[in-house]
Protein chains: 2
Amino acid sequence: MKNKAKATSFDIAHYAGVSQSTVSRALRNSPLVNDETKRRVHEIAEQLNYKVDKNASNLRTQQSSTLALLLFEDPTTDESQINPFFLSMLGSITRACAKEGYDLLVSFQSSSSDWRADYEDSHRADGIILLGYGDYLDYQARLQELLDQDTKFVCWGATVDNHPDLTVSCDNYGGGQLAAQHLFALNRTDCAFIGDASNHSPEFFARYKGFKDAFEAQGVALNDRKIANAISTEDSGYHATKSLIANNISFDALFAASDLIAIGAIRALLEAGINVPEDVHVVGFDDIPAASYVSPTLTTVQQNTTLAGQMLVKNLLSLIKNEPVESTLLPPSLIVRGSSD
Amino acid sequence: MKNKAKATSFDIAHYAGVSQSTVSRALRNSPLVNDETKRRVHEIAEQLNYKVDKNASNLRTQQSSTLALLLFEDPTTDESQINPFFLSMLGSITRACAKEGYDLLVSFQSSSSDWRADYEDSHRADGIILLGYGDYLDYQARLQELLDQDTKFVCWGATVDNHPDLTVSCDNYGGGQLAAQHLFALNRTDCAFIGDASNHSPEFFARYKGFKDAFEAQGVALNDRKIANAISTEDSGYHATKSLIANNISFDALFAASDLIAIGAIRALLEAGINVPEDVHVVGFDDIPAASYVSPTLTTVQQNTTLAGQMLVKNLLSLIKNEPVESTLLPPSLIVRGSSD
DNA sequence: ATGATCTGTGACACCGGTGTCATAATGTCA
DNA sequence: TGACATTATGACACCGGTGTCACAGATCAT
């Protein structure tokens, strides 16, 4: 096997004394080929360390056994700091792809300028998974463009207008309710919310809405003044909370739209001499690994990333095969830890 | 643009009234083509939303503008918990690839059974980046196999026997020294080490060695009994530290081979009523995001993941182009935080 | 005017597989 | 034994680009 040049199916054909067509069929276990011939071909392929040339194969079959993952980040986010939640998703998506026999192309769309969704057009991937919080410059417009071009794609979280079936997401509204019910049961009803209560970021808004509605269902109204905006970074959560404190806004519980925000919030609270959980209960969202490392450990609404990754891949593959796809809403679960105990 | 079928270069040729050859050349800005012709071809390509078919192009040119990233994980690691340090590396590698105009295929090699390095053989990728701590079943043997097959690859951390030029790594030894010098300066000389002081995991061993040697250079000998083995997880660090405590082994400083281990160690210490940093100073390694979230915040030896990713990609590309490649050792830096302050 | 060089283009083979069709060899049944 | 189905295989076009070669027409030097 010292040969520099990679072996082709013609080489195998030569050694096996059959035609190249037969080799191709044999390697794909076509029932048309005699078992003995198959065995011989496989054996020689093994010896030559032969691997099917994916480019040739893909070119002919017009499909690539590859999915592309586009990860959007908040433009303000630091280069090296990627939201751990999405990294966790990336892990589960990778695994789900592998399980289905697909490869995964990963691409970070750090700024709207280098948005690149031509993986399908160029036949590099059979479909695209879009991952990211919130909305981006021309987000909906771009998704619409993908729809127009008949590109196969699924989104995490964000719903495409009139095409909810292209979305897999966590039940953010229900998650907000879980957080509220938990705090209500502990008699913490004077709540602050850090995140984004406008409809700017659909996920964050849904979390807030569920939270608010669940409290109202118990006859408790949330005070709008106790809301501070933040994007999903520790730093942003820290500053948002600090500004609440600076404005002398009091509360005995705090619901953060993400764990990173919650962690930043806790830092701000502790710095201000406010104890967690004694003075303020804190609940986050996501359950990133760090949630169980920080102290106090963080109570949070967990998203099942493993399942999410599987569903994204599964739905995308269905879409590619033109099978009917159903909208998927994953149930979150509350993980109670030190910050509310 | 309602056409279902994707446009090909023949379509453009037809509309532009030139041959397909000329289209191909024009689109790649060949100097052989008249400027006016180029303009017309580009314009039509734009209108038809034409994208070069990568499979055809790759097949012909025998290269893929794609790199593959194989991420190894400790087999014991939980599915969803990927070492944040490697995720950070993944981020920087992705960016470095994008900058060089390469795509990135990501694959997790969770168990040795599905080791898959045929991305180059099958022409899916031009080269491979191997990422992971420690050694794996048949690790060296497998790398040797890649070498034999003349596969282009670079490794993070682990050195391939007789081929250090294929490695990019952090100066783990120097990092260990930094940690030791820091603790020595604070007069903390009764140190424990949590990690792996055997040569099982080369990186961890180098960190330990540098740490030990730096202390010995100051005339301080480390006590071998104050070493506990751990793999790079929070849990493992927690248990290793707990066992030291259970054996009544005392120390006034602790150096952990990774941040996850350090975070687990701090948890064990605090649980045992040992204060950090008052009773025990703790220093980690990596500087994962969580290092600045935990409390006390973690002093650690930082690895520059951005640079690391760039170097891995750069060296691999050089290798692919058969250019000479130099071994790369990246300087770590000490980040002093609350756990040793 | 004549050969030499340059410019822009088209024809065509080729990359390494896959799918279709034709066909030889063998078996089946009336 | 002839008509027909079945099995196993080869020949060949094809996927959509890229690279090589040939060549027409314009430009230039002698």
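All chains are named by letter (A, B, ...) in the order of the sequence lines, taking the proteins before the strands, and each is independently numbered beginning at 1.
- Within the model, atoms CG of L131(B) and CZ of F72(B) stand 9.0 Å from one another, a figure rounded to the nearest 0.5 Å.
- Using a 4.0 Å heavy-atom distance criterion, S21(B) is classed as a base contact.
- In terms of position on DNA chain C, the residue among V23(B) and L59(B) whose nearest nucleotide sits closer to the 5' end is V23(B).
- Within 6.0 Å of NZ on K51(A) lie more than 12 heavy atoms contributed by other residues, nucleotides or ligands.
- Take the nearest nucleotide of DNA chain C for K51(A) and for T37(B): the residue whose nucleotide is more 5' is T37(B).
- Residue S19(B) places no side-chain atom within donor-acceptor reach of the base of dA11(C), judged by atom type and a 3.5 Å distance cut-off alone.
- In this structure, CZ of R25(B) is placed 15 Å from P of dT7(C), rounded to the nearest angstrom.
- Backbone-only contact: T8(A) has heavy atoms under 4.0 Å from sugar-phosphate atoms and none from a base.
- Nucleotides of DNA chain D lying under 4.0 Å from heavy atoms of chain B occupy a range whose first and last members, 5' to 3', are dG16(D) to dT20(D).
- Side chains of L90(A) and L90(B) form a contact here, defined as non-hydrogen atoms less than 4.5 Å apart.
- Two residues, D53(B) and R28(B), neighbour DNA chain D, and the one matched to the more 5' nucleotide by heavy-atom proximity is D53(B).
- Base contact: Q20(B) has a heavy atom under 4.0 Å from a base atom.
- D118(B) is linked by a side chain to side chain donor-acceptor pair (under 3.5 Å) to R116(B), counting only residues two or more places apart in sequence or in another chain.
- If you check every strand for non-hydrogen atoms under 4.0 Å, S9(B) touches sugar and phosphate atoms only.
- The structure places OH of Y15(A) at 14.5 Å from CZ of R40(A), a figure rounded to the nearest 0.5 Å.
- Side-chain atoms of T66(B) and R124(A), non-hydrogen and from C-beta on, do get closer than 4.5 Å to each other.
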